[in-house]
Amino acid sequence: MSSTAASPFDLLRSMTLSGLVQEEILRGIKSGELTVGSRLNESELSQRLGVSRSPLREAFRALEEAGLVRLEKNRGVFIRDLSDEEAAELYDVRAGMDEMVGRRLAPRITPEQLAELGAMLTELETTSSRDGVNRYFELNLAFHDRLVEMTGNATLLGLYRQVVNRIHLLRRRGFSLAGSSAASHAEHRAILDALATRDADVAAKAMRQHVESGFQRAVAAHHLEESPAPTQVSS
């Protein structure tokens with residue numbers, strides 16, 4: 001009598017394919033291709049990525065647990081929106097993490113690491129005026145991810161990425177405000193200068209301030225999106 005149970009190899013392959021699907025959907029969120037409320041077409045994704053429905057559904061469940069999508073019975077899978085309360089909570093957690101990063105990294109950062117971060121900021125600043133929001137967003141994420149990576153704390157890095165992945169659902173809003181890039185550049189340079197002092201308190205304060213300012217920009221952009229268009233009054 002043959003067994004229908006999946007072999008360990010089949011399970012591993014399914015998990016690997018599920019991970020690839022998750023990364024592709026996350027890429028779409030980061031790039032702005034997938035926006036809040038977008039419906040994920042299971043058939044289209046299955047054909048485009050060359051995967052069966054099983055790993056696709058595993059990916060959807062994992063993304064639901066991560067807070068990135070919502071599964072609606074008989075309707076499908078949709079990119080989640082974040083409530084104002086959830087957004088505030090996420091940014092608060094992120095601010096605490098960044099403060100920890102500054103405190104841990106400042107006393108041990110090397111000249112080579114400072115130079116690496118400086119080069120990343122130069123590219124970021126150049127890109128913002130040349131290649132638009134998408135490339136700027138990508139490089140901005142890479143800069144902050146590298147800061148956390150430099151602490152050498154793998155657990156912190158994993159938790160940080162989980163929080164930031166959920167913030168992706170609304171974080172692009174802040175970049176739509178006039179002057180937001182310039183403000184962000186100044187804050188990035190302030191972080192680099194603070195790290196160069198090797199003072200844990202100074203670096204922690206600069207990194208927390210950047211996150212809190214980013215949250216205020218996101219809130220302001222959200223309010224602009226929700227504001228009704230001015231009524232035209234005919235004379």
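In this structure, CG on Leu40 lies 6.0 Å from CG on Leu34, to the nearest 0.5 angstrom. To the nearest 0.5 Å, atoms CD1 (Ile25) and CG (Asn165) are separated by 12.5 Å. Put simply, CG on Asn41 and OG on Ser46 are 10.0 Å apart, with the number rounded to the nearest 0.5 Å. We find the CZ-CE distance between Arg208 and Met97 to be 12.0 Å, quoted to the nearest 0.5 Å. Between the CE atom of Met150 and the CG atom of Leu157 there is a distance of 12.0 Å, given to the nearest 0.5 Å. A distance of 14.0 Å separates CG in Leu147 from CZ in Arg104, rounded to the nearest 0.5 Å.
The minimum heavy-atom distance linking Ala59 with Ser18 is given by the pair N-OG, 3.2 Å. Between Ala206 and Ala194, the shortest heavy-atom contact is CB-CB, 3.8 Å. Closest of all the heavy-atom pairs between Phe60 and Val77 is CD1-CG2, 3.5 Å.
The shortest distance between side-chain heavy atoms of Phe215 and His210 does not fall below 4.5 Å. Within the 4.5 Å cutoff, no side-chain heavy atoms of Val51 are placed close to those of Leu20. Using a 4.5 Å heavy-atom cutoff, the side chains of Asp201 and Arg103 are in contact. Using a 4.5 Å cut-off on side-chain heavy atoms (C-beta onward), Glu125 and His188 make no contact. Side chains of Leu195 and Leu117 form a contact here, defined as non-hydrogen atoms less than 4.5 Å apart. Contact of the His168 side chain with the Lys30 side chain is registered, since non-hydrogen atoms from C-beta on lie closer than 4.5 Å. Taking 4.5 Å as the limit, every side-chain heavy atom of Phe78 sits out of range of all side-chain heavy atoms of Val69. Proximity of Glu116 to Glu112: side-chain heavy atoms (C-beta onward) are nowhere separated by under 4.5 Å.
Every residue two or more places apart in sequence or in another chain that forms a salt bridge (charged side-chain N to carboxylate O under 4.0 Å, His left out) with Arg80 is listed here: Glu86. Residues that satisfy the salt bridge (charged side-chain N to carboxylate O under 4.0 Å, His left out) test with Asp199, not counting sequence neighbours, are absent from this structure. For Glu85, the side-chain contact (heavy atoms from CB on, under 4.5 Å) criterion is met by Ser83, not counting sequence neighbours. Not counting sequence neighbours, the partners of Glu33 by the side-chain hydrogen bond (donor to acceptor under 3.5 Å, both in side chains) test are Arg27, Ser31. A search for side-chain contact (heavy atoms from CB on, under 4.5 Å) contacts involving Val211 returns Tyr91, Arg94, Ala95, Asp98, not counting sequence neighbours. Under the side-chain hydrogen bond (donor to acceptor under 3.5 Å, both in side chains) criterion, Asp145 pairs with Arg161, not counting sequence neighbours. Applying the side-chain contact (heavy atoms from CB on, under 4.5 Å) test to Ala190 and every residue at least two apart in sequence or in another chain returns nothing. Looking at residues two or more places apart in sequence or on another chain, you find a side-chain hydrogen bond (donor to acceptor under 3.5 Å, both in side chains) between Thr35 and Ser38. Here Arg57 pairs with Glu42 under the salt bridge (charged side-chain N to carboxylate O under 4.0 Å, His left out) rule; sequence neighbours left out. Shown here are the side-chain hydrogen bond (donor to acceptor under 3.5 Å, both in side chains) partners of Ser43, two or more places apart in sequence or in another chain: there are none.
Transitive grouping of hydrophobic side chains (ILVMFWY, heavy atoms separated by less than 4.5 Å) keeps Val101 and Val202 in distinct clusters.
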Fill in: Check against side chain to side chain contact (heavy atoms under 4.5 Å, CB included), Val163 and Leu159
CA-CA 6 Å; Val163 171; Leu159 293 172; 5.8 Å; no
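Between the side chain of Thr127 and the backbone N or O of Tyr136, no donor-acceptor pair lies under 3.5 Å. With hydrogens and angles disregarded, no donor-acceptor distance shorter than 3.5 Å links the side chain of Arg166 to the backbone of Gln162.
Applying the salt bridge (charged side-chain N to carboxylate O under 4.0 Å, His left out) definition to pairs two or more places apart or across chains, those involving residues 61-72 are Arg70-Glu72, Glu72-Arg75. Applying the side chain to side chain donor-acceptor pair (under 3.5 Å) test to residues at least two apart or on different chains, the pairs with a partner in residues 148-157 are Arg146-Glu149.
Shown are Leu139, Asn140, Leu192; of these, the side-chain contact (heavy atoms from CB on, under 4.5 Å) with Leu121 is made only by Leu192.
A salt bridge is defined here as a Lys NZ or Arg NE, NH1 or NH2 lying under 4.0 Å from an Asp or Glu carboxylate O, and Arg217 with Glu187 meets this definition.
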